[in-house]
K.L.:
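Below: one structure in structure tokens.
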Amino acid sequence: MTTETTETDELLSPERLERLKENMALMDDLSKRLTAAMGRRQNADHGLQGPGQELYVKAAAAYMAEMMSNPAKIIEQQVGYWGKSLKHYVDAQQQLAHGKLTPPEDTGPTDRRFSNPLWDTHPYFNFIKQQYLYSSDAITKALSDLDGLEGSDKARVSFFAQQITDMLAPTNFLATNPDALEKAIETDGESLVKGLQNLVADIERNDGDLLVSLADSDAFEVGKNIATTDGAVVYRNHMFELIQYTPTTEQVKAIPLIIFPPWINKFYIMDLKEKNSLIKWIVDQGYTLFIVSWVNPDESYADIGIDDYVADGFLRAVEEVKAITKQKQVNAVGYCIAGTTLSMVLSLMEKRGDDSIKSATLFTTLTDFEDAGEMAVFLDDDFVDGIERQVEESGYLRSYFMSRTFSYLRSNDLIYQPAIRNYMLGEAPPAFDLLFWNSDSTNLAGRFVVEYLRGLCQKNKFATGEMEILGETVSLKTVQHPVCAIACETDHIAAWKGSYNGVKQFGSADKTFIVSESGHIAGIINPPSKKKYGHYTNPDMSGSTEDWMSGAAFHEGSWWPRWESWLNDRSGKDVKARKPGTKTHPVLEKAPGTYVLPASKP
């Protein structure tokens, strides 16, 4: 008896057939649960589901115009694509005609999605892979060569076309994914059952919408094994909790430091674990550190706008820190949109003659939205109109929509590969602290999200000097404070070039700009102990982004110590370390507080 016959008999054994039958029955039950879960899906505005029809019309019109004005170019593109496809088909047929159950020589492009050896050795999978790669390449080249589309329209068409080609990859379908098929056979269908269980759980968790789980939700608990740096909540209002951290040094700098994280996510990205906690590291350097933990808005926050975040958030927090530490000034950090808002607060303070902030640090911050980077594809009226209609109806923007939007900026890493792992292979999401935090996103208050998208992102009012905050007109050009800005080289959300162009326009005589390797999160959460990502510096900010980078010096290792040296020079003398709380600001509860927890409300 041959080995092949033995394997076939083993696959068809009564025991395995029975297990397969049982698993199929479980899948039938799970399918009913899936239908019920999807029935709970809330209707969302059509503008949040994809670009408007106008973009498709523009793309079609540009292609037709190109075909009429330069038919030779279009024909050349098509013939090139047809030639590759036909040659590959003929080569495969010839292999089969000669009795060879192997694919022809694979000279096509490589792609890490196709790491299974069967993509290269099996004629069926190899043919599918190559045809997909040829087609994707042809679409990309056709769009990049399209002369009838300019600027943002061309960028948007290219982006959404890439989303379609990524979605249609053969790895995303069971019948054309050798990893999933092999696993299903090996487990007698159990992997498919587990995958369907994961899918149903994700849809139930998101009330009928699908958002792929990136991390094991049971592996972490905020305040237990992440966000554990010792501290206490010392102030609370309807907008935020103020956390003061327990000192680890006998003396600290006189001027305290307050961090304003973005309220689109939770602050503990800076306090995941002790070994990569920026918060713990700052405390260990000898600073009295405070952090703002924003409330997670619901429908009752419909009328909360930028003015509220400034008055009852930034300005209030600064006053409370001054009162607690008995200091006339603080140093402040703003991360992402909190950095944008902090910059507007600096301009407002200049107008009011308020010198409460001695220096400011901006993490991955845009202040001039002329170049919004990859996020620009979501800033046209079709999407923003949809968001505005949605928040008018519900009072706030559900965290689901923002999580989904950011995921599409890295769809293969944050959507399709996790979906393959969870749903096709039936594996549990990894116990990864950063991805757990990424999934723990927050809602956005209704008025704020519209003001932010319309006023800052679309109309770029802060850069043009037309932004009004609390009755005052603010401009990035009027910012005079010492500023240190850290941008990230491969940031998908706040492109470093856009960040540079904004800081360059500040009126500050004291400006430091640093570009860290990596992206929006990994470039910032980059502890020195890891010795992972380096950074670039260049004191000359008079030229273009290209000039700055070409003249920049590269430094191995984290930017944290460089920034701390800058901060130290602006933090005053050493004083006795301050424990959290005072008589006027008693400890309300231990860090990380209440607002950071799921479903928290004031």
Side-chain angles (χ1 to χ4, degrees), residues 220-246 256-274 277-283 287-298 300-301 304 308-325 330-339 341-342 345 361 363 396 399 402 433-434 436-445 448 521 524-525 580-581 585-602:
F220 301 100
E221 186 176 351
V222 176
K224 298 295 183 182
N225 57 358
I226 51 175
T228 58
T229 299
D230 190 30
V233 176
V234 293
Y235 176 81
R236 177 188 292 128
N237 67 9
H238 69 292
M239 295 298 295
F240 70 94
E241 290 179 328
L242 183 65
I243 298 171
Q244 181 180 1
Y245 287 95
T246 304
L257 178 66
I258 180 171
I259 298 178
F260 294 96
W263 47 93
I264 199 169
N265 288 109
K266 296 182 179 179
F267 79 86
Y268 66 86
I269 183 58
M270 293 176 275
D271 191 30
L272 293 174
K273 294 178 182 177
E274 184 174 341
S277 171
L278 176 59
I279 288 173
K280 178 71 164 60
W281 186 85
I282 291 171
V283 171
Y287 293 87
T288 302
L289 178 64
F290 295 82
I291 199 162
V292 164
S293 176
W294 299 104
V295 72
N296 190 358
D298 58 17
S300 66
Y301 284 74
I304 295 293
D308 299 284
Y309 275 94
V310 170
D312 297 335
F314 286 77
L315 297 180
R316 174 47 51 200
V318 168
E319 289 305 310
E320 298 305 325
V321 170
K322 286 165 56 181
I324 292 169
T325 60
V330 306
N331 288 316
V333 176
Y335 197 155
C336 192
I337 60 172
T341 310
L342 175 60
V345 169
T361 300
F363 293 167
Y396 67 105
S399 61
M402 295 307 298
D433 55 358
L434 191 150
F436 174 86
W437 165 86
N438 189 74
S439 300
D440 190 16
S441 54
T442 58
N443 305 321
L444 292 177
F448 161 77
I521 300 301
I524 297 298
I525 310 305
H585 291 77
V587 169
L588 302 180
E589 64 179 293
K590 286 182 61 64
T594 301
Y595 284 7
V596 73
L597 301 178
S600 64
K601 287 187 67 175

K.L.:
Is there a donor in the side chain of D440 and an acceptor in the side chain of Y268, or the other way round, less than 3.5 Å apart?
P.N.:
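Yes, side-chain donor-acceptor contact under 3.5 Å.
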K.L.:
Quick check for you: to the nearest 0.5 Å, what is the distance between S439 atom OG and F220 atom CZ?
P.N.:
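The CZ atom of F220 is 11.0 Å from OG of S439, to the nearest 0.5 Å.
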K.L.:
Is there a side-chain contact between F290 and V330 (heavy atoms, below 4.5 Å)?
P.N.:
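Sidechains of V330 and F290: no contact.
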K.L.:
Could you go through the side chain to side chain contact (heavy atoms under 4.5 Å, CB included) check for M270 and I291 one step at a time?
P.N.:
CA-CA 10 Å; M270 293 176 275; I291 199 162; 3.8 Å; yes
K.L.:
Give a yes or no answer on whether the side chain of N265 reaches the backbone of S441 with a donor-acceptor pair at less than 3.5 Å.
P.N.:
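A pair under 3.5 Å: no.
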K.L.:
Mind checking what makes side-chain contact (heavy atoms from CB on, under 4.5 Å) contact with D312, not counting sequence neighbours?
P.N.:
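side-chain contact (heavy atoms from CB on, under 4.5 Å) list for D312, sorted by chain: N237, H238, M239, D308.
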K.L.:
Mind checking whether I521 and L434 have side chains closer than 4.5 Å, heavy atoms only?
P.N.:
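Yes - at least one pair of side-chain heavy atoms lies under 4.5 Å apart.
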K.L.:
One pair to check against side chain to side chain contact (heavy atoms under 4.5 Å, CB included): V345 and V318. What are the steps and the verdict?
P.N.:
CA-CA 11 Å; V345 169; V318 168; over 6 Å; no
K.L.:
Between Q244 (side chain only) and T288 (backbone N and O only), is there a donor and an acceptor less than 3.5 Å apart?
P.N.:
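No, Q244 side chain to T288 backbone: no donor-acceptor pair under 3.5 Å.
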K.L.:
Any side-chain heavy-atom pair from V283 and T246 closer than 4.5 angstrom?
P.N.:
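No, their side chains stay 4.5 Å or more apart.
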K.L.:
Compare every heavy atom of V292 with every heavy atom of I258, then report the nearest pair and how far apart it is.
P.N.:
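Residues I258 and V292, closest heavy atoms: CD1-CG2, 4.1 Å.
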K.L.:
Does E241 reach the main-chain N or O of Y595 with its side chain, forming a donor-acceptor pair under 3.5 Å?
P.N.:
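Side chain of E241 to backbone of Y595: a pair is present.
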K.L.:
Which of these passes ring pair (Phe, Tyr, Trp, His ring centres under 6.0 Å) with W294: Y335, F267, Y309, Y301?
P.N.:
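Among the candidates, only Y309 passes.
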K.L.:
Does the side chain to side chain contact (heavy atoms under 4.5 Å, CB included) test come out yes or no for I525 and W437, once each step is laid out?
P.N.:
CA-CA 13 Å; I525 310 305; W437 165 86; over 6 Å; no
K.L.:
Is the centre of the F240 ring less than 6.0 Å from the centre of the Y235 ring?
P.N.:
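F240 vs Y235: aromatic centres under 6.0 Å.
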K.L.:
Do T341 and F260 come within less than 4.5 Å of each other through their side chains, counting heavy atoms only?
P.N.:
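Not touching, per the 4.5 Å side-chain cut-off.
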K.L.:
Can you name the nearest heavy-atom pair linking S399 to N443, along with the distance?
P.N.:
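Closest pair (atom of S399, atom of N443, distance): N-OD1, 2.9 Å.
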K.L.:
Does T361 have any side chain to side chain donor-acceptor pair (under 3.5 Å) partners at least two apart in sequence or in another chain, and if so, which?
P.N.:
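T361: side chain to side chain donor-acceptor pair (under 3.5 Å) contacts with W563.
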K.L.:
Which pair of heavy atoms, one from I243 and one from A591, lies closest together, and at what distance?
P.N.:
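It is CG2-CB, 3.8 Å.
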K.L.:
Would a distance-only check, ignoring hydrogens and angles, find a side-chain to backbone donor-acceptor pair under 3.5 Å from E274 to K280?
P.N.:
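It does not hold such a pair.
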K.L.:
Between A338 and P261, which heavy-atom pair has the shortest distance, and what is it?
P.N.:
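Closest pair (atom of A338, atom of P261, distance): CB-O, 3.2 Å.
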K.L.:
Counting only N and O atoms by type, is there a donor-acceptor contact under 3.5 Å from the side chain of T228 to the main-chain atoms of G223?
P.N.:
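No: the side chain of T228 does not pair with the backbone of G223.
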K.L.:
Hey, are R316 and E319 close enough for a salt bridge, meaning a charged N less than 4.0 Å from a carboxylate O?
P.N.:
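Salt bridge absent between R316 and E319.
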K.L.:
Heavy atoms only: give me the nearest I269-L272 pair and the separation to one decimal.
P.N.:
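Residues I269 and L272, closest heavy atoms: O-CG, 3.7 Å.
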K.L.:
Say you draw a straight line from CZ of F314 to CG of L342; how long is it, rounded to the nearest 0.5 Å?
P.N.:
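Result: 6.0 Å between the selected atoms.
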K.L.:
Is I282 close to I259 at the side-chain level, that is, under 4.5 Å between some pair of heavy atoms?
P.N.:
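The answer is yes; the side chains approach within 4.5 Å.
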K.L.:
Got L444 and P297 here, is their nearest side-chain heavy-atom distance under 4.5 Å?
P.N.:
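Counting from C-beta outward, L444 and P297 never come under 4.5 Å.
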K.L.:
Run the side chain to side chain donor-acceptor pair (under 3.5 Å) test against T229 and tell me which residues pass, sequence neighbours left out.
P.N.:
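In terms of side chain to side chain donor-acceptor pair (under 3.5 Å), with neighbours along the sequence ignored, T229 is linked to D271.
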K.L.:
If every non-hydrogen atom of H585 is compared with every non-hydrogen atom of I324, which pair is closest and at what distance?
P.N.:
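Smallest interatomic distance, heavy atoms only, reads CG-CG1, 3.5 Å.
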